[in-house]
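The block underneath contains the structure these notes are about, expressed in structure tokens.
Lettering follows sequence order; numbering is per chain, from 1.
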Protein chains: 2
Amino acid sequence: MPNIGNLDGVPSVAMSTVISIRDLKTHCMTCSMRELCLPVGLEREAMHQLDQLVSERRRFKRGEPIYSAGEPFAALYAIRLGSCKTTVLAEDGREQVAGYHMPGDLLGLDGIGHDRHGCQSIALEDIEVCVLPFGQLEELSHRFPPLQKNLHRVLSREIIRDHNVMLLLGSMRAEERLAVFLLNLSHRYHDRGYSATEFVLRMTREEIGSYLGLKLETVSRLFSRFQQEGLIQVQGRAIKLLDTAALRQLAGQHG
Amino acid sequence: MPNIGNLDGVPSVAMSTVISIRDLKTHCMTCSMRELCLPVGLEREAMHQLDQLVSERRRFKRGEPIYSAGEPFAALYAIRLGSCKTTVLAEDGREQVAGYHMPGDLLGLDGIGHDRHGCQSIALEDIEVCVLPFGQLEELSHRFPPLQKNLHRVLSREIIRDHNVMLLLGSMRAEERLAVFLLNLSHRYHDRGYSATEFVLRMTREEIGSYLGLKLETVSRLFSRFQQEGLIQVQGRAIKLLDTAALRQLAGQHG
DNA sequence: GGCAGGGCTTGAGACAGATCAAGGACGCTC
DNA sequence: GAGCGTCCTTGATCTGTCTCAAGCCCTGCC
């Protein structure tokens, strides 16, 4: 893929990360994530307005922050492509991964509460996000109640997700945590049209461990054990789920 | 206190838990929690409308659920008096306390996401809540942008709170968790006009443990140790913080 | 006043997961 | 394709927290 940020000999300082969305003819209407993202269920006009609102699209390379803790909050970010992690920092420097995000997810919801980002989101691979200036989004959601409803749902679902992570961290054993994690990824890849049983992890063992409240060695050992037991096949970051029923059993999900 | 639900010989079946708020001359305007609750910063008219919206006030005895998992979501509940715990249930029956709530807190936010409550809130002592029908609240917030803003903030702050609990559960040791817990309670009591250093816990050791991802024996031992070290004074559920600086140190808060 | 039951404390021992340590695999860059 | 750094695996040992167990202290009830 050509470096889209450096067409026409335009100096690349700004262009390498900031691209006018209209120039690229990208619209919510035709975005493959529209069913998972904010526009879900909106009528034509509302979706069009939302399109207009997306002031720009930004790209980040692996390791770059989409936003950082302490920054003034101005916009939400909808992932179009790629994935990232959100981390909370303790005062003493300890870092906790609070979530992994993929296309269709909305980032930065924690910034609304105090007009300042409370955590940071870091790209795990090259990523592209739509920038949704929050003031305008509130205004627009004010004119289109279904959009308001969607925004409320997104916020509430993040709370539900967080509660489930608490359940995981507070009362599950290591093997259960990892099983839940793998099944959750599987489910989300499936929702996005990818294989539910074969995928490539975008994060290190240490990052998985941080999310699950475990050390990287424990994660590594569990992967090995799951493989030995025939539950999964691991090769570095490439994962194949071989026995999802058994994984669900382990995860305490009798479904 | 007389049984307010049974005045005038009215049959008490409904009246024992449902009271028209207007009859009792209770208004957001005069509520002592207005600065911590949804009405914060609203102009007269908006606050009046919010008052009108509060369809009823309900009372629950200790142990009663304000709402339960699986119930259709219809309303948010603002605590006027008393406190409760919110618990998430795993499919296998395990229970995790996801939060403790006190006057001014809004309950039921997790219900918005799927029009159904995903967890339950149980009264820890006799409690009184204002019922805010959510459909009407959305409509009203649509007419009063500052109210919409407040709602967004409340939702976002719950996310921030949850992230901090994840940090606690995922990367802190037992003693740090308990220190954080005590300081958090202290802070919230202070905000509500109570002593920041002397308060009575409303929950059992087991419930504290569930919230902190610890067993009740561990919580008990830590209380004893903190007392021995002169950090606190414990007598059953009565707590006195003696050395908040040391507690903050323990909690990793250098403030 | 005695008794029952829930909640709390404390001790001893077990164990899951952390820590420490060493080496291997993989993917960069030059 | 050599060399380096990051990430990963695996083993040995350690330890914080859990588990099991016993007894105490309230509070409410008969």
Straight-line distance of B:Thr197 OG1 to B:Asp243 CG, nearest 0.5 Å: 12.0 Å
Reported OG1-to-CG distance for the pair A:Thr204 and A:Leu216, which is rounded to 0.5 angstrom: 7.5 Å
Distance in Å, A:Leu183 CG paired with A:Leu178 CG, rounded so as to fall on 0.5 Å steps: 9.5 Å
Gap separating the SG atom of A:Cys130 from the CZ atom of A:Arg58, nearest 0.5 angstrom: 11.5 Å
Minimum heavy-atom distance A:Met172-A:Arg177, with the two atoms named: O-NE, 2.8 Å
Salt bridge (Lys or Arg N to Asp or Glu O under 4.0 Å) partners for A:Glu198, two or more places apart: none
Residues in contact with DNA chain D, drawn from residues 212-227 of chain A - heavy-atom cutoff 4.0 Å: A:Leu216, A:Glu217, A:Ser220, A:Arg221, A:Ser224
Residues 118-127 of chain A, side-chain donor-acceptor partners within the protein, below 3.5 Å, at least two apart:
from, atom 1, to, atom 2, distance (Å)
A:Gln120, NE2, A:Thr87, OG1, 3.2
A:Ser121, OG, A:Tyr67, OH, 3.1
A:Ser121, OG, A:Thr86, OG1, 3.0
A:Glu125, OE1, A:Arg202, NH1, 3.0
A:Glu125, OE2, A:Ser83, N, 3.1
A:Glu125, OE2, A:Ser83, OG, 2.6
A:Asp126, OD1, A:Arg62, N, 3.2

Contact summary for A:Leu169 and A:Tyr211, nearest pair of heavy atoms: CD2-O, 3.7 Å
Pair B:Glu175 + B:Arg225, salt bridge at N-O below 4.0 Å: yes
Contact summary for B:Pro103 and B:Arg192, nearest pair of heavy atoms: O-NE, 2.6 Å
Sidechain-backbone polar pair: B:Arg157 side chain, A:Gly113 backbone, donor-acceptor under 3.5 Å: yes
Heavy-atom contact window of chain B on DNA chain D, given 5' to 3' at under 4.0 Å: D:dT17 to D:dC20
Any residue of residues 166-175 of chain A with a heavy atom less than 4.0 Å from an atom of DNA chain D: none
Interatomic distance, A:Glu206 atom CD to A:Glu217 atom CD [nearest 0.5 angstrom]: 9.0 Å
Along DNA chain C, first and last positions that approach a heavy atom of chain B under 4.0 Å: C:dG7 to C:dA12
